[in-house]
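Input: a single structure, listed below in structure tokens.
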Amino acid sequence: MGNLRTKDLSKIGYHNDQLRSLVIGIASKNYKHHSKQQLLDLLVQIKNDPESFLGDELAGKIAEKVIGKVAGPSFKTYDLMDEASPCKIYGGKHIESSAKKQMELATLLPVSVQGALMPDAHMGFGLPIGGVLATHNAVIPYAVGMDIGCRMALTIIDETDGFLRRSEYQIKQALKNWTHFGMEGSLEVRQEHEVLDSPVFGQIPFLKPLRGKAVKQLGTSGGGNHFVEFGEIELAENNSLGLPAKKYTALLSHSGSRGLGAAIAKHYTQVAINTCKLPRHAQQLAWLDMDSEAGQEYWLTMTLAGDYARACHQRIHANLLKALGLKALRVVENHHNFAWKDTLADGRQVIIHRKGATPAHQGELGIIPGSMTTPAYLVMGKGIEGALYSASHGAGRAMSRQKAKDSMTVSAMKKMLSAAGVKLIGGTVEENPQAYKDIETVIEAQHALVDIQGKFLPRIVRMNKE
DNA sequence: ATGTCC
């Protein structure tokens with residue numbers, strides 16, 4: 001027998017994890033002399049007419065499971081709508097047309113209620129980065145993104161900006177000792193957080209083997225554009241934090257749900273693509289019905305990934321503050337890759353997906369970072385429904401990673417950092433400031449969506465190396 | 001973004 005993978009089984013409509021484990025178990029022990037194709041043919045026959053296999057010793061076991069757990073058709077087929085649901089675009093002048101096309105396609109889904117495109121938008125899988133989509137009773141894994149719960153956290157510290165100059169060496173040491181980037185490895189000190197005790201790890205079978213990695217990766221950061229940085233923040237007059245308008249030292253982090261969230265995203269993206277059949281060019285926008293078992297499971301595990309991402313930031317901030325003997329005055333944090341249940345002004349209940357977009361309900365605080373040498377903004381939402389209560393999640397990439405590599409040298413980047421007075425630990429030319437759109441332009445394009453409450457300037461930045 | 005193919 002050729003090696004039978006869960007992927008092969010998904011293709012022929014075997015989506016249930018328990019069912020797939022059963023099939024692989026039986027196949028490896030009892031169908032050794034079948035070719036992979038013979039076996040798949042048999043499995044298709046069982047799927048199509050399980051009743052006729054109930055008398056069979058081995059196939060009967062699979063047939064029973066098919067009848068019990070996954071009765072009915074294994075997928076549904078849908079067409080796009082003739083007319084798109086409404087979609088406002090902010091800062092459209094600076095958005096590539098491919099991202100706009102992706103957004104348009106999303107608003108043609110039969111489950112689509114309304115869309116919005118943020119000024120930092122660029123092309124992604126399924127929904128563009130910077131895309132916001134409200135749906136009716138459906139959740140689209142690719143409209144949340146691969147890094148579920150990717151988020152920002154800002155701690156405003158009880159120190160003036162003078163602390164950054166006085167304690168540069170200690171801050172660098174603390175960043176080296178208490179942050180960890182990249183796929184491999186972990187912090188040296190084992191981290192603890194209540195999220196690791198979540199019953200969801202026990203409820204969803206495929207999460208069980210992921211918990212060990214989640215324990216190891218707690219309090220770490222990812223790669224790419226993720227960072228942990230100290231800088232100064234100048235708060236505006238009458239800011240909603242209730243703090244005096246002056247400069248403070250602040251800690252800002254950008255990170256997500258690591259391997260745990262990636263595995264969850266991957267799993268349910270596959271389930272959605274296998275069970276919700278759309279015209280080919282829209283297939284990546286496959287959804288899970290919120291009333292289905294898979295939809296409920298995605299919601300549960302997406303929430304766990306979001307909580308885990310939050311826990312990572314909490315550990316990062318707690319570790320660094322403790323190492324440096326600092327006290328937090330305020331914390332502002334927000335997911336920017338996630339889905340929420342929300343209500344539109346006319347009372348319609350919707351699922352709002354934000355894939356690289358900051359929640360910006362009336363009075364809601366959020367953080368919009370620029371790049372390693374440019375400001376991040378502390379913003380307060382104005383609750384604009386046309387934007388689905390959202391704002392951008394950053395400046396947005398102006399260049400692909402490859403283009404950024406080709407157009408910038410290490411020494412030119414060092415000069416840029418030095419001119420900006422920013423110290424960088426790790427990092428790559430792929431994340432050089434010129435690879436990003438101008439944050440001031442992007443902020444200006446969404447002045448109708450958010451008010452500026454503070455301006456943060458990075459000073460000592462740590463990012464992933466290579 | 002990511003145990004970049006269970």
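Quick caveat: nothing in here was measured; it's all calculated off a predicted structure. Naming: A, B, ... by sequence-line order, numbering from 1 per chain.
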Exercise. Would you say dC5(B) has OP1 or OP2 under 4.0 Å from some side-chain N or O of R5(A)?
Worked result: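 Indeed not, no polar side-chain atom of R5(A) lies that close.
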
Exercise. Taking only side-chain nitrogens and oxygens of Q217(A), does any of them come within less than 4.0 Å of OP1 or OP2 of dT2(B)?
Worked result: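 For Q217(A), the contact criterion (side-chain N or O under 4.0 Å from OP1 or OP2 of dT2(B)) is not met.
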
Exercise. Could you give all pairs that pass the side chain to side chain donor-acceptor pair (under 3.5 Å) test and reach residues 181-198 of chain A, with sequence neighbours left out?
Worked result: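 Non-adjacent pairs meeting side chain to side chain donor-acceptor pair (under 3.5 Å): Q191(A)-R315(A), Q191(A)-N319(A), H193(A)-Q314(A).
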
Exercise. If you look at every strand shown and take non-hydrogen atoms under 4.0 Å, does G256(A) touch a base, only sugar-phosphate, or nothing?
Worked result: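 Counting heavy atoms under 4.0 Å across all strands, no contact is made by G256(A).
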
Exercise. With a non-hydrogen cut-off below 4.0 angstrom, is G223(A) in contact with a base, only sugar-phosphate, or nothing?
Worked result: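 G223(A): backbone/sugar contact only, no base atoms under 4.0 Å.
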
Exercise. Of all residues at least two apart in sequence or in a different chain, which pass the side-chain hydrogen bond (donor to acceptor under 3.5 Å, both in side chains) check with Q284(A)?
Worked result: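 For Q284(A), no residue satisfies side-chain hydrogen bond (donor to acceptor under 3.5 Å, both in side chains) once neighbours in sequence are set aside.
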
For this session: Hey, which sits more toward the 5' end of DNA chain B by its nearest nucleotide, E184(A) or M146(A)?
Result: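 Residue closer to the 5' terminus by nearest nucleotide: M146(A).
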
Problem set entry | First of G222(A) and K7(A) reached from the 5' end of DNA chain B, by closest nucleotide |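 It is G222(A), whose closest nucleotide lies nearer the 5' terminus.
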
Exercise. With respect to the side chain of K266(A), which nucleotide from dG3(B), dC5(B), dT2(B) is positioned closest?
Worked result: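 Closest of the options to the side chain of K266(A): dC5(B).
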
Please give, in whole Å, the distance from [N] [atom2] to [X] [atom1]?
| X | N | atom1 | atom2 | result |
| --- | --- | --- | --- | --- |
| H180(A) | dT2(B) | NE2 | P | 11 Å |
| R258(A) | dG3(B) | CZ | P | 6 Å |
| Q270(A) | dC6(B) | CD | P | 11 Å |
| K213(A) | dT4(B) | NZ | P | 9 Å |
| H267(A) | dC6(B) | NE2 | C1' | 13 Å |
| K216(A) | dT2(B) | NZ | C1' | 15 Å |
| D8(A) | dC5(B) | CG | P | 15 Å |
| L207(A) | dC6(B) | CG | P | 15 Å |

Exercise. Quick one: does NZ or CZ of R397(A) land under 6.0 Å from the six-membered ring centre of Y436(A), within 45 degrees of the ring axis?
Worked result: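 That pair qualifies as a cation-pi contact.
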
For this session: Nearest 0.5 Å please: distance from the CG atom of L252(A) over to the CZ atom of F227(A).
Result: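 Rounded to the nearest 0.5 Å, the CG-CZ separation comes to 4.5 Å.
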
For this session: Hey, could you give me the CG/CG distance between L207(A) and L304(A), rounded to the nearest 0.5 Å?
Result: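 L207(A) CG to L304(A) CG: 6.5 Å, rounded to 0.5 Å.
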
